[in-house]
Amino acid sequence: MHNNSSQFIATTLDANFEINKKKIYAGQWCFSSKEEEKNFLKNKDLYLISNPWKDINLLEKDYIYMQKLLDVYAKKLSVFLNNYHNKNFPERYWNILTQTWLHYYIPSQLYRWKVVNEALNFNKNLNFCLLNDDKESSPSYTIDYLNLIRDSNEFNYTAFKKILKFLKSNGKNINFLIKDFKFKKKKKTPLFFFKKIKFIFYTFLDNFNLIMSKKNLVFIEDKIFTKKNFYKINFKLGQFPQHFRSLFNYHFENYHFENINYDFKSRESLQFVEAASYDDFDMFPKFLDTVIKFDIPRCFLEGYNMLNSSVKNIKIRPKLIVSSYNHYHNEKFKYWVASNVIENQAKFYVAHHGGANHQKFSPCLQYDNKFVDKKLTWTKPRNHNDVQLPASKFINYNFNRKNPIYLSYVEEPNHLYPHKAGTGVYFNATNNIENIILFKSILKKSIFQKLIYLPTKASLTSEQRDLKKEIKDKYINESPALYKYISKSKIIVCSYPQTAFLEGILTGPTILINDPRIDPFIDETEKAKQIQIQLFKNKICFKNAKEAAEHINNIWLNPLSWWNSPDVVNTINELKINFCKTSTNGLDDWTNFLTKEL
């Protein structure tokens with residue numbers, strides 16, 4: 001062992017074993033508590049690697065790089081999967097199936113790659129605990145990968161270990177020390193008796209629906225609109241609404257993938273498409289070429305035949321398919337779409353279900369433009385196949401706040417580990433609790449008494465615990481919290497510039513805490529640049545919680561006098577026109593558009 005070496009800590013798992021006094025921590029997720037993190041700051045032998053994508057210039061450079069990698073690996077994956085399954089499908093077929101997973105996989109791997117290389121830049125001699133209980137495997141399906149990469153210590157330990165092993169084999173001075181450790185076994189999702197009965201009943205209803213909707217020309221995913229509007233638009237199109245409860249229900253189907261065995265030998269035996277040569281200054285693609293075939297979710301390899309055969313029994317053949325959620329994580333739905341697009345020349349459109357497309361570096365990397373015919377957006381078009389339509393979520397929406405009482409703080413979503421690239425992606429962040437503590441110290445006492453905290457589905461357990469200690473019953477333990485309290489909100493405070501912010505401004509006084517140096521909006525046009533400038537000028541947007549709290553103190557007694565002022569109204573109208581189109585005839589606009597597309 002080198003005298004000047006440092007121990008690289010990847011997760012809380014290997015943090016339990018001490019090899020060196022000098023340690024390099026991969027990120028804040030390596031600390032099991034805030035106290036442990038505070039103690040770290042007092043020790044000069046410890047080094048914490050900061051988020052490399054906090055630098056907006058580096059994020060922009062890497063964002064473009066990842067978009068290029070998506071193109072490269074879309075082609076490579078299609079070749080590999082065709083060879084594995086002895087097929088000859090076009091690239092688009094495999095893109096529909098795998099691009100969602102790939103747009104999680106490449107940023108997740110690149111982030112961890114950059115972290116390990118930053119550790120090597122800090123100290124060229126690293127030691128790492130090799131926990132001897134982890135076994136080669138892969139996630140079962142796309143959302144399984146997402147859940148594991150953003151929240152599992154075991155899964156992330158293995159991801160870091162693969163990078164370290166690769167770099168060692170390519171000449172880096174990394175020393176592995178084997179330690180005994182028992183990994184937690186991943187629990188399989190049980191299919192309880194009641195759930196089986198529910199599935200059988202839903203299947204019966206779906207079979208009836210399939211018969212009634214057999215001649216439908218347009219498949220519209222039922223989650224695009226509210227239930228009422230979903231039925232209305234189908235009737236306007238003269239067709240029976242295709243509301244399936246089990247056919248495309250990933251909660252049911254994913255249970256079967258967990259029982260499919262991982263076949264290491266089959267994966268190992270087939271060569272992945274490698275480059276003719278690699279750049280010595282960028283070995284990341286070589287690393288991906290080495291590991292990716294072992295990381296592909298089982299639903300695309302070992303589970304392919306099971307899924308593909310189940311799709312053959314779906315006897316609906318629409319000319320146009322419109323999805324909003326299912327094309328992300330519903331594997332059976334993706335197989336059905338891919339089959340219809342390739343075999344029946346169906347058109348495939350994706351409708352936005354949320355408001356993140358106005359961000360300059362949207363976390364989706366604009367990946368779905370690679371395989372859809374058109375993307376139906378809330379925003380003005382930013383790609384050649386974008387079409388702006390009224391935001392389906394807000395058609396016939398009740399925009400009135402009937403009983404405005406509360407100062408409602410909408411939580412910034414937060415996960416343990418990085419899993420996406422782009423602005424508005426948060427992991428192991430402390431912004432929420434820091435903002436609340438600032439509000440507590442700056443807001444007038446009478447105003448802070450009216451504050452409620454509205455959590456999202458993506459909350460860290462440790463953050464929830466600390467927040468509940470800080471604000472007690474102000475933490476609303478209900479879901480969906482914003483939906484239930486929006487009409488009771490006097491002022492809404494959003495800590496991230498996505499759907500909740502747009503939902504807020506459509507209903508009344510709303511404030512956004514957002515630093516444009518860290519999270520810029522689209523700036524391709526002068527109009528988009530001016531909107532962000534006007535949001536700050538008219539005190540709708542603030543760089544930090546301190547400035548926001550001071551503004552709330554000033555307007556609390558009569559926030560509508562500020563909200564209804566001409567400059568604020570004009571700014572909100574411009575934002576809606578560009579980033580969240582609304583219409584009094586939204587359903588007619590959608591119906592006319594879909595009819596013309598047939």
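As the structure is a computational prediction, the values presented were derived from the model and not from experiment. Along the sequence shown, residues are numbered consecutively beginning with 1.
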Counting distance only, does the side-chain N/O of [X] pair as donor-acceptor with the main-chain N or O of [Y] below 3.5 Å?
{"X": "Ser489", "Y": "Ile491", "result": "no"}
{"X": "Asn127", "Y": "Phe176", "result": "no"}
{"X": "Tyr475", "Y": "Lys469", "result": "no"}
{"X": "Asn554", "Y": "His551", "result": "no"}
{"X": "Lys474", "Y": "Phe448", "result": "yes"}
{"X": "Thr510", "Y": "Gly504", "result": "yes"}

[X] side, atom [atom1]; [Y] side, atom [atom2] - distance, nearest 0.5 Å:
{"X": "Lys393", "Y": "Lys223", "atom1": "NZ", "atom2": "NZ", "result": "13.5 Å"}
{"X": "His103", "Y": "His419", "atom1": "NE2", "atom2": "NE2", "result": "8.5 Å"}
{"X": "Ile476", "Y": "Glu411", "atom1": "CD1", "atom2": "CD", "result": "12.5 Å"}
{"X": "Asn403", "Y": "Lys490", "atom1": "CG", "atom2": "NZ", "result": "11.5 Å"}
{"X": "Glu18", "Y": "Asn16", "atom1": "CD", "atom2": "CG", "result": "11.5 Å"}
{"X": "Asn514", "Y": "Phe536", "atom1": "CG", "atom2": "CZ", "result": "5.5 Å"}

Ile572/Ile540 under side-chain contact (heavy atoms from CB on, under 4.5 Å): CA gap, chis, key distance, verdict: CA-CA 9 Å; Ile572 296 301; Ile540 300 164; 3.8 Å; yes

Could you check Tyr453 against Tyr406 for ring-ring contact (aromatic ring centres under 6.0 Å, His included), going step by step and ending with a plain yes or no? CA-CA 10 Å; Tyr453 185 94; Tyr406 298 112; over 10 Å; no

Looking at Tyr105, Trp53, Phe160, Tyr104, which one forms a ring pair (Phe, Tyr, Trp, His ring centres under 6.0 Å) with Tyr111?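 For Tyr111, the ring pair (Phe, Tyr, Trp, His ring centres under 6.0 Å) test succeeds with only one of Tyr105, Trp53, Phe160, Tyr104, which is Trp53.
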
[X] atom [atom1], neighbour heavy-atom count above 12 within 6.0 Å:
{"X": "Lys165", "atom1": "NZ", "answer": "no"}
{"X": "Lys468", "atom1": "NZ", "answer": "yes"}
{"X": "Phe399", "atom1": "CZ", "answer": "yes"}
{"X": "Asp180", "atom1": "CG", "answer": "no"}

Minimum-distance pair of heavy atoms, taken over all atoms of [X] and [Y]:
{"X": "Trp29", "Y": "Ala10", "result": "NE1-O, 2.8 Å"}
{"X": "Phe284", "Y": "Ile106", "result": "CZ-O, 4.0 Å"}
{"X": "Gly354", "Y": "Thr499", "result": "CA-OG1, 3.2 Å"}
{"X": "Ile24", "Y": "Ala119", "result": "CD1-O, 3.7 Å"}
{"X": "Pro413", "Y": "Thr456", "result": "CA-OG1, 3.7 Å"}
{"X": "Ser392", "Y": "Trp378", "result": "N-NE1, 4.2 Å"}

Are side-chain heavy atoms of [X] and [Y] found at a separation under 4.5 Å?
{"X": "Glu503", "Y": "Phe394", "answer": "yes"}
{"X": "Leu102", "Y": "Leu70", "answer": "yes"}
{"X": "Tyr417", "Y": "Asn153", "answer": "yes"}
{"X": "Val410", "Y": "Val493", "answer": "no"}
{"X": "Tyr485", "Y": "Glu478", "answer": "yes"}
{"X": "Phe8", "Y": "Val116", "answer": "yes"}
{"X": "Lys581", "Y": "Lys380", "answer": "no"}
{"X": "Pro107", "Y": "Met66", "answer": "yes"}

Within 45° of the axis and under 6.0 Å from the centre of the six-membered ring of Trp562, does NZ or CZ of Lys539 qualify?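 Not satisfied by the 6.0 Å and 45° rule.
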
Test salt bridge (Lys or Arg N to Asp or Glu O under 4.0 Å) on Asp62 and Lys114; report intermediate values, then the result. CA-CA 11 Å; Asp62 283 349; Lys114 294 179 84 72; 3.1 Å; yes

Residue pair Leu407, Trp556: steps toward the side-chain contact (heavy atoms from CB on, under 4.5 Å) verdict: CA-CA 9 Å; Leu407 173 62; Trp556 180 255; 3.8 Å; yes

Flag for [Y]-[X]: side-chain donor and acceptor within less than 3.5 Å:
{"X": "Asn20", "Y": "Ser5", "value": "yes"}
{"X": "Gln388", "Y": "Thr379", "value": "no"}
{"X": "Ser323", "Y": "Glu221", "value": "yes"}
{"X": "Gln67", "Y": "Tyr367", "value": "no"}
{"X": "Ser561", "Y": "Asn564", "value": "no"}
{"X": "Arg401", "Y": "Thr507", "value": "yes"}
{"X": "Asn431", "Y": "Glu412", "value": "yes"}
{"X": "Tyr328", "Y": "Gln99", "value": "no"}
{"X": "Asn156", "Y": "Arg112", "value": "yes"}
{"X": "Gln530", "Y": "Glu574", "value": "no"}
{"X": "Thr571", "Y": "Asn538", "value": "yes"}

Check this for me: does any side-chain nitrogen of one of Lys162 and Asp295 sit under 4.0 Å from a carboxylate oxygen of the other? yes

Charged N to carboxylate O under 4.0 angstrom, Asp368 versus Lys375?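 Answer for the salt bridge query: yes.
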
Kindly determine whether Tyr63 and Ser362 satisfy side-chain contact (heavy atoms from CB on, under 4.5 Å), including the steps that lead there. CA-CA 9 Å; Tyr63 192 87; Ser362 61; 3.5 Å; yes

Ring centres under 6.0 Å, that's the criterion: do His353 and Tyr325 meet it? yes

Indicate, with yes or no, if the rings of Phe155 and Tyr145 have centres closer together than 6.0 Å. yes

Contact list for residues 545-560, test salt bridge (charged side-chain N to carboxylate O under 4.0 Å, His left out), sequence neighbours left out: Lys546-Glu550

Arg150 and Lys420: side-chain contact (heavy atoms from CB on, under 4.5 Å), yes or no, with the steps? CA-CA 9 Å; Arg150 68 188 181 185; Lys420 287 184 182 180; over 6 Å; no

